[in-house]
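Just the heavy atoms: all of them, side chains too, but no hydrogens, waters or symmetry mates, feed the values below. Just so it is clear: chains get the letters A, B, ... in the order the sequence lines come, proteins before strands, and each one is counted from 1.
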Amino acid sequence: MPIEILMPALSPTMAEGNLAKWLKSEGDAIESGDVIAEIETDKATMEVEAVDDGVIGKILVPAGTQNVAVNTPIALLLEDGESADSLSDRKSSNKVQPQAYEEANKKEDSPAMSSEQIVGQPTGAVIENRDILYAQGAVIEPPPFDEAAFFTDTKELSVREALRDAMAEEMRADETVYLMGEEVAQYNGAYKVSQGLLDEFGEKRVIDTPITEHGFAGMAVGSAMNGLRPIVEFMTWNFAMQAIDHIINSAAKTLYMAGGKLGCPIVFRGPNGAASRVAAQHSQCFASWYAHVPGLKVIAPWSAADAKGLMKAAIRDPNPVVFLENEMLYGQSFDVPTDENYVIPIGRAKIERTGSDVTITAFSINVGKALKAAEELAKQGIDAEVINLRTLRPLDRWTILESVKKTNRIVSVEEGWPAAGIGAEIAALCCEHVFDYLDAPVTRVCGKDVPMPYAANLEALVLPQSDDIIAAVKKVCYVD
Amino acid sequence: MVSAKETSSKEERNENSTTNLSIDKLKKFYHDMLLIRRFEEKAAQLYGMGLIGGFCHLYIGQEAVVTGITSVQKHQDTVVTTYRDHAHMLACDMDPKGIMAELTGRIDGYSRGKGGSMHMFSLEKNFFGGHGIVGAGTSIGTGLGFAHKYKNDDGVAIAYMGDGASNQGQVAECYNMAALWDLPVLFVIENNKYGMGTDVSRSSAGQLYRRGEGYGIPGEQVDGMDVLAVRDAAQQALNYIRSGNGPYILEMMTYRYRGHSMSDPAKYRTKEEVSSMKDERDPIINVKSILLEMDVEENDLKEIDKEIKSIIKESATFAQESPEPPLEDLWTDVLVESK
């Protein structure tokens with residue numbers, strides 16, 4: 001049977017075009033790859049090449065024809081041994097292929113999945129997976145964890161030591177775990193977080209990189225795909241902006257793009273947010289940037305126990321994890337369980353202080369400020385519940401919402417800018433799920449919406465302070 | 001240390017090549033390159049029918065590069081490339097049906113329809129993508145090499161990039177680290193003369209194969225239209241790398257007959273330029289004439305043509321019959337899921 005040559009789509013958006021010129025005539029022999037015609041699209045004139053070998057039996061659409069719909073047969077090609085006579089009684093049989101095109105196009109008009117199916121809650125009882133439920137916006141109880149049981153035997157550690165111990169324990173347990181970054185080896189870490197690791201694990205597994213964030217982040221991703229479990233230290237998260245393409249496009253999206261066949265187990269870690277007096281380029285919170293991205297997990301520990309238990313969880317997790325530390329916390333000490341099995345589930349917040357009048361959510365350094373504010377508020381007769389978020393993606397929606405149902409008021413604290421921030425997400429969450437429980441508007445305490453100034457007095461104004469938290473709490477409690 | 005050098009002379013190579021090559025090996029080159037070409041032509045056709053959407057970057061004209069290199073790589077070696085990637089998958093022996101079905105966005109595609117033309121992977125065949133960000137694949141390839149060295153598995157990572165990518169900062173960063181740590185990485189620059197519509201002479205200072213000189217990485221410019229020249233250069237480079245000497249750069253001088261992607265009319269070059277490459281330098285015609293000179297019957301080659309035609313036909317049918325992914329697949333594979 002003769003082969004139909006169809007009007008091709010020559011760009012993702014083309015629906016019709018003009019058949020400008022035939023470069024072959026009826027009776028011409030053509031080979032696959034020969035240019036047979038020129039077609040004008042809305043953007044350009046394009047050449048059409050033959051896909052099959054044969055002889056042009058009949059030209060169905062003459063040169064100069066305007067607005068020829070994609071997939072219209074434009075010529076008939078005779079294969080070996082076929083004669084042009086067979087064409088005379090031929091009926092137009094544009095059944096199979098045009099239909100496929102119509103179907104392909106129809107989908108643009110009527111999306112494959114109706115908005116009803118996507119928005120909000122899971123589509124049915126079929127999917128019972130926590131991460132999938134989370135992606136669908138569901139509120140689910142966090143993974144179970146009897147944390148108190150681990151605190152029967154503790155020792156005091158700084159956040160810095162806790163992070164180091166977590167990495168060392170996981171490196172002892174798994175040969176494929178290695179640490180890479182600027183100054184992590186011989187210098188023992190720009191902030192001494194990797195103190196002693198080079199001595200214990202050697203230069204094969206504790207690697208000083210050149211100052212080349214984009215390159216080494218991508219390289220670490222490649223090594224993770226090829227069987228290793230890298231921990232990448234960014235001297236600070238500010239410098240990771242050079243590498244953010246690899247964190248998002250290479251690490252976070254690959255599993256999905258691969259249909260689940262290739263993952264990227266990797267930890268990106270380092271100090272995030274303002275230190276002290278280092279000005280705009282070195283003082284930025286990236287929490288909301290990364291929490292925005294599906295395919296990543298984002299952790300922001302406060303205490304040394306958080307740091308230890310969450311770092312171990314991050315290294316063991318099969319997904320890319322962004323681990324946001326804080327320079328100002330490195331030297332602070334806390335009780336940390338001695339049990340090496342103390343691994344905090346990712347996605348579970350911790351209620352650091354129970355209270356009944358108002359909920360305060362915070363992460364990283366602001367947990368300490370929130371607790372301090374709560375002590376002061378208690379003296380003034382306001383009983384605040386303080387939630388240490390610990391994980392920003394997946395956010396523990398359940399713990400936040402259950403607390404608001406009890407207190408009917410919420411103040412979110414973060415160091416980052418307000419726009420599209422973690423607090424904005426929490427406000428939306430409360431509006432969507434506990435609107436009727438709220439006795440006051442959801443209120444945010446954020447970093448001021450300016451680049452970080454250097455001057456000490458201005459810097460203090462930018463960052464949330466306990467007094468700001470106290471003022472916000474009083475506002476939502478309608479207390480002067 | 002080997003230093004950067006110009007294309008080795010054709011006579012020298014021909015002498016090596018034809019004497020060392022059996023007819024079977026040449027036939028295999030012919031087969032593998034023709035498979036790529038016919039696959040890409042079919043992809044173009046399906047694109048024209050609206051069955052493939054979005055971006056679709058064809059490899060037609062460049063077949064000798066990946067075919068020659070793959071012929072000398074070992075099973076433990078890993079490969080990563082750019083978005084012009086169908087050929088590399090075929091060369092890695094991935095199933096044409098699965099590749100074509102991914103192009104049509106169907107469930108039996110390598111990425112279950114979630115990746116498309118630019119994003120397919122196969123751990124089984126050591127193929128690590130398929131990357132859409134220019135230059136990013138080079139860093140990932142350097143990381144594959146880092147892992148080979150870490151695991152001490154005698155593997156080499158082969159990282160393909162285009163001439164456009166070689167101007168990305170991260171490529172220089174990776175040359176530095178690969179040289180610094182003697183990583184087993186073969187950097188292959190497929191110089192097809194145009195980064196999208198920009199002639200390489202308008203984008204790149206100096207010679208691309210010499211960009212590693214400052215780091216002590218040997219580089220070589222090779223006739224990328226000649227599969228035997230490619231094979232010989234790749235063999236030498238891989239031997240060098242596998243002996244623990246660190247990375248190597250091969251700049252393959254090649255040419256794509258089609259536009260940058262399906263919607264590019266390629267007006268930035270003359271018809272004469274394109275047709276002179278097609279008529280005088282075509283890698284497939286080149287191998288075919290060597291075979292005919294060696295008294296292989298034309299009919300033997302026709303058999304190969306026929307076999308390939310049927311593979312391609314089968315893959316196109318498969319890619320149209322395979323269903324679209326089920327709607328619940330929207331939510332899976334975002335994370336390696338916890339229970």
About how many Å separate [atom2] of [Y] and [atom1] of [X], when rounded to the nearest 0.5 Å?
X: A:Met46; Y: B:Met262; atom1: CE; atom2: CE; value: 6.5 Å
X: A:Ser32; Y: B:Arg38; atom1: OG; atom2: CZ; value: 4.0 Å
X: B:Leu180; Y: A:Thr212; atom1: CG; atom2: OG1; value: 10.5 Å
X: A:Arg130; Y: B:Leu335; atom1: CZ; atom2: CG; value: 12.5 Å
X: A:Glu175; Y: B:Lys151; atom1: CD; atom2: NZ; value: 13.0 Å
X: B:Lys278; Y: A:Asp34; atom1: NZ; atom2: CG; value: 8.0 Å

Contacting moiety of [X], where chain B heavy atoms sit under 4.5 Å:
X: A:Asp317; value: neither
X: A:Ile207; value: side chain
X: A:Glu47; value: side chain
X: A:Thr176; value: backbone
X: A:Leu228; value: side chain
X: A:Glu213; value: backbone

Do you know the tightest heavy-atom contact between [X] and [Y]?
X: B:Trp181; Y: A:Asp208; result: CZ2-O, 3.4 Å
X: A:Val70; Y: B:Gly48; result: CG1-O, 3.7 Å
X: A:Gly222; Y: B:Leu144; result: O-CD2, 3.4 Å
X: A:Leu262; Y: B:Phe121; result: CD2-CD2, 3.5 Å
X: A:Asn71; Y: B:Met49; result: ND2-O, 3.0 Å
X: A:Gly259; Y: B:Lys114; result: CA-CD, 4.5 Å

Review point. Are the charged groups of A:Glu38 and B:Lys271 less than 4.0 angstrom apart, N to O?
Key: yes
Quick one: of [options], who has the most non-hydrogen atom pairs under 4.5 Å with chain A?
options: B:Cys174, B:Cys56, B:Gly54, B:Gly53; answer: B:Gly54
options: B:Asn176, B:Asp329, B:Ile140; answer: B:Ile140
options: B:Tyr150, B:Phe146, B:Phe128, B:Tyr110; answer: B:Tyr150

Among [options], who wins on heavy-atom pairs under 4.5 Å with chain B?
options: A:Pro294, A:Gly347, A:Gly260; value: A:Gly260
options: A:Asp245, A:Leu296, A:Val221, A:Thr254; value: A:Asp245
options: A:Pro8, A:Ala258, A:Ala44; value: A:Ala258
options: A:Pro143, A:Ala243, A:Ser250, A:Pro318; value: A:Pro318

Using non-hydrogen atoms and a 4.5 Å limit, figure out which bit of [X] sits close to chain A: side chain, backbone, both or neither.
X: B:Met177; value: side chain
X: B:Thr332; value: both
X: B:Leu183; value: side chain
X: B:Thr142; value: both

**Study point:** CA sep, side-chain torsions, deciding dist, call: A:Glu49, B:Tyr257, side chain to side chain contact (heavy atoms under 4.5 Å, CB included)
**Key:** CA-CA 11 Å; A:Glu49 291 179 10; B:Tyr257 298 170; 5.7 Å; no
Practice item. In sequence, state the C-alpha distance, the side-chain angles, and the governing distance for B:Gln45 and A:Asp52, and then conclude on side chain to side chain contact (heavy atoms under 4.5 Å, CB included). Key: CA-CA 10 Å; B:Gln45 188 191 24; A:Asp52 299 289; 4.3 Å; yes
**Study point:** B:Gln170 and A:His246: side chain donor to acceptor below 3.5 Å
**Key:** yes
Just by modelled atom types, is the [Y] backbone N or O under 3.5 Å from a matching donor or acceptor in the [X] side chain?
X: B:Asp333; Y: A:Leu255; result: no
X: A:Ser11; Y: B:Ser263; result: no
X: A:Lys261; Y: B:Arg112; result: no

Check the surroundings of atom [atom1] in [X]: do more than 12 heavy atoms from other residues, nucleotides or ligands lie under 6.0 Å from it?
X: A:Lys204; atom1: NZ; result: yes
X: A:Lys21; atom1: NZ; result: no
X: B:Ile285; atom1: CD1; result: yes

